[in-house]
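What follows is a short report on a single structure.
Given the structure is predicted, the values throughout are model-derived calculations rather than measurements. Each chain gets a letter, A, B and so on, in the order its sequence line appears, and its residues count up from 1.
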Protein chains: 2
Amino acid sequence: MKEIHDVLNNALVLIFNLVLKSEEKFIRNLGVNLSIAEIHTIDAIAKVEKKTMSEVASNLSITLGTLTASINNLEKKGYVERNRSQVDRRVVLVNITQRGEDVVEQHRAFHKEMIKDIVANLNTREELALVKALDNLIDYFMSKK
Amino acid sequence: MKEIHDVLNNALVLIFNLVLKSEEKFIRNLGVNLSIAEIHTIDAIAKVEKKTMSEVASNLSITLGTLTASINNLEKKGYVERNRSQVDRRVVLVNITQRGEDVVEQHRAFHKEMIKDIVANLNTREELALVKALDNLIDYFMSKK
DNA sequence: TGAAGATACTTTGATTATCAAAATAATTAT
DNA sequence: ATAATTATTTTGATAATCAAAGTATCTTCA
């Protein structure tokens, strides 16, 4: 089944790029002074339990140095704030501000709408095939570690 | 169907990141002095018909200036070469060298293996359903422009 | 209990990717 | 032939990234 593999590969590559562009466009339309990386950083802070620099950096798979630079900017722009932990003064706790919360909310709404529209066009069989294929994909990557 | 939406969203986000990491790892293991962006640039040159700077840049959705900088490096590293068109001397034609061909070959093998593993557990009907589901996805993004 | 080592973070210095706008060179049109 | 257009490069700026060095704080153990 050489052809179906090629079709799938092309579709996946295309979708990958379309998702990226779609998200870029969403941010542009948000009219907010943030990059995709910054939105994902804010989002990671929102969803991580222990809001330390280390935890957030590890969640994002970036180094602490990179996160420090990014948080400097986000703090300056008013989307997050830093506080020294009182328990261990080496530790820095990051929290998102109300302005940050708003962005997280809108980013999640974007994802929700995207998924809603995707599923809307699928019948039950297609939905199941998609879920199964995605499971395979995840298994595949997980096994590759 | 709130649940399936969440399942799909989480799966998509997870896969997105796993694909990125997997590709990064692939490149690292290739032991080759190239970034993901550079591999995609080489790949774009290989697959584009008219191998001009403009065509390649447009194919990659980057500006000509960005491509110029990237091609400078790739040329220095010996993966591509530049030639002025004899027909229109404003035009620069880029071609990949044998070293570039090798990378393209390995990158394609990576994609092929990934797809093979994905469809390994799907029967023909599911495969077709998946293709249709992905087509819907593409339509969705295309309509959003 | 106080020095040595470990940990959490920031700073520094470098590279890559990116863009917009200005510059250059060549072609086409008036 | 002069003006306008086109293809590319250069320039100047910014963001994202890393590794390695530096700083401050905590923990351990002798």
Separation of dT10(C) C1' from Lys76(A) NZ (nearest whole Å): 14 Å
Distance, rounded to the nearest Å, where Asn72(B) contributes CG and dA17(C) contributes P: 12 Å
Candidates dT17(D), dT11(C), dT8(D) - which lies nearest the side chain of Thr68(A): dT11(C)
Atom-pair distance (CZ on Arg84(B); P on dT9(D)), nearest Å: 6 Å
Identified side-chain hydrogen bond (donor to acceptor under 3.5 Å, both in side chains) counterpart of Asp88(A) within the set Arg90(A), Gln86(A), Arg84(A): Arg90(A)
Spacing between Ile71(B) atom CD1 and dT9(D) atom P, to the nearest angstrom: 9 Å
Proximal nucleotide (of dA7(D), dC19(C), dT10(C)) relative to the Ile62(B) side chain: dC19(C)
Sugar-phosphate, base or nothing in reach of Thr52(A), heavy atoms under 4.0 Å: sugar-phosphate
Check: dT7(C) base within 3.5 Å donor-acceptor of Arg90(A) side chain: yes
Short side-chain N/O contact to dC19(C) OP1/OP2 from Thr66(B), under 4.0 Å: yes
Flag if over 12 foreign heavy atoms under 6.0 Å of NZ, Lys132(A): yes
Nucleotide of dA15(D), dT9(D), dA7(D) approaching Ser35(A) most closely (side-chain heavy atoms): dA15(D)
Atom pair distance, as rounded to whole Å: CG in Leu93(A) and C1' in dC9(C): 12 Å
Thr63(A) side chain near dC18(D) phosphate (N/O to OP1/OP2, under 4.0 Å): yes
Euclidean distance, atom NZ of residue Lys50(A) to atom C1' of dC9(C) [Å, nearest integer]: 14 Å
Polar side-chain atom of Lys51(A) near backbone of Val56(A) as donor-acceptor pair, under 3.5 Å: no
Side-chain donor or acceptor of Asn10(B) paired with backbone N/O of Asp6(B) under 3.5 Å: yes
Contact nearer the 5' end of DNA chain D, comparing Ser54(B) with Arg89(A): Ser54(B)
Which residue lies more 5' along DNA chain D, comparing Ser70(A) with Asp88(A) via nearest heavy atoms: Ser70(A)
Between dT18(C) (P) and Ile36(B) (CD1): distance, integer Å: 11 Å
Parallel, tilted or perpendicular, as decided by the 30° and 60° cut-offs, for the rings of His111(A) and His107(A): perpendicular
Any Arg82(B) side-chain nitrogen or oxygen under 4.0 Å from OP1 or OP2 of dT9(D): yes
d(CG, Asn73(B); C1', dT9(D)) in whole Å: 14 Å
